[in-house]
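Have a look at the structure below before the remarks.
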Amino acid sequence: MIRTQQLVYRYPGGAALRFDDIDVAQGGVLLLRGASGSGKSTWLALAAGLLSPGGGDITVAGQSLAALGKVAGDAWRARTIGFLPQKLHLSAALTVHANLAIAQWAAGRAQDDARIRDALTALGVNELAARKPAQLSGGQAQRVALARAVLLQPQVILADEPTASLDDDAARQALELLQATAKRYGATLVIATHDARVAANLDDQIGFQPLSIGRKQL
């Protein structure tokens, strides 16, 4: 679940950005809509606990993020948030399997080859485990990045512009994959995008909520 109340972020030395209140149940889908530079990435960073609100409150998976310190925040994020960035950030020097293993290491977990295999199998890419990112197609790389995002079975999946540069068929498939993966893990799904096709593919989904992001300055 994600709930915000009078959420504000204050840029250092700059203006304060105010966001509308939202309340998304666990397992729901939240769509952040807005033009580039409107504040979508700021909202995602607040939801991930990477930025601290300058006012109001944001509660994610039952945790008020305003109350978290850095060390506690890092531990909470590792076990709660799965992030699918627009730029997938797969290490070119590592195999697909090793890219997931390093995610476990970064979260302070022991390497669990069975869990890695299960995550890759669920996304249909386990046969690519020995390949390096340069040997993957764009769609395969996105599936690997999503497997990495859900490897630790997060309660929330944050996807940043997942349909950018995709044609209509590929965009639809990417959205179906995101929704199916979130449903598999019972995770709340947040998609940030300026792509109008995303809303068209999501607006009949149960638990779907749109949120338009704009620079509502105080």
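Any value given below was found using the heavy atoms of this structure, including those in side chains, with hydrogens, waters and symmetry copies removed.
- For Tyr185, the ring-ring contact (aromatic ring centres under 6.0 Å, His included) test picks out no residue, with sequence neighbours left out.
- Screening residues 173-194 for salt bridge (charged side-chain N to carboxylate O under 4.0 Å, His left out) gives Arg172-Glu176 as the qualifying pairs, with residues at least two apart or on separate chains.
- In this structure a side-chain-to-backbone donor-acceptor pair under 3.5 Å is present from Thr4 to Ile22.
- When atom types are taken as modelled, the side chain of Gln104 and the backbone of Asp112 share a donor-acceptor pair closer than 3.5 angstrom.
- When the salt bridge (charged side-chain N to carboxylate O under 4.0 Å, His left out) test is applied to Asp167, no partner is found at least two apart in sequence or on another chain.
- For residues 126-149, no pair satisfies salt bridge (charged side-chain N to carboxylate O under 4.0 Å, His left out), with sequence neighbours left out.
- With sequence neighbours excluded, the residues that form a salt bridge (charged side-chain N to carboxylate O under 4.0 Å, His left out) with Arg197 are Asp168, Asp195.
- The side-chain heavy atoms of Thr188 and Leu30, taken from C-beta on, include no pair separated by under 4.5 Å.
- Contacts classified as salt bridge (charged side-chain N to carboxylate O under 4.0 Å, His left out) and involving residues 67-84 (residues at least two apart or in different chains) are given here: Lys70-Asp74, Asp74-Arg77.
- No continuous path of hydrophobic side-chain contacts links Ile157 to Leu50 [ILVMFWY only; heavy atoms under 4.5 Å].
- Legend: side chain to side chain donor-acceptor pair (under 3.5 Å) pairs involving residues 47-61, not counting sequence neighbours, sorted by first then second residue: Asp57-Thr59, Asp57-Ser64.
- Asp23 pairs by the side-chain contact (heavy atoms from CB on, under 4.5 Å) definition with Arg3, not counting sequence neighbours.
- With sequence neighbours excluded, the residues that form a side-chain contact (heavy atoms from CB on, under 4.5 Å) with Thr80 are Ala61, Trp76, Gln155.
- Clustering of Ile, Leu, Val, Met, Phe, Trp and Tyr side chains at separations under 4.5 Å places Leu94 together with Ile102, Trp105.
- Residues meeting the side-chain contact (heavy atoms from CB on, under 4.5 Å) test with Ala78, sequence neighbours left out: Ala107.
- At least one side-chain heavy atom of Val96 sits under 4.5 Å from a side-chain heavy atom of Leu136.
- Between the Gln6 side chain and the Gly55 main chain, no donor and acceptor come within less than 3.5 Å of each other.
- The list of salt bridge (charged side-chain N to carboxylate O under 4.0 Å, His left out) pairs with a residue in residues 39-54, not counting sequence neighbours, reads Lys40-Glu161.
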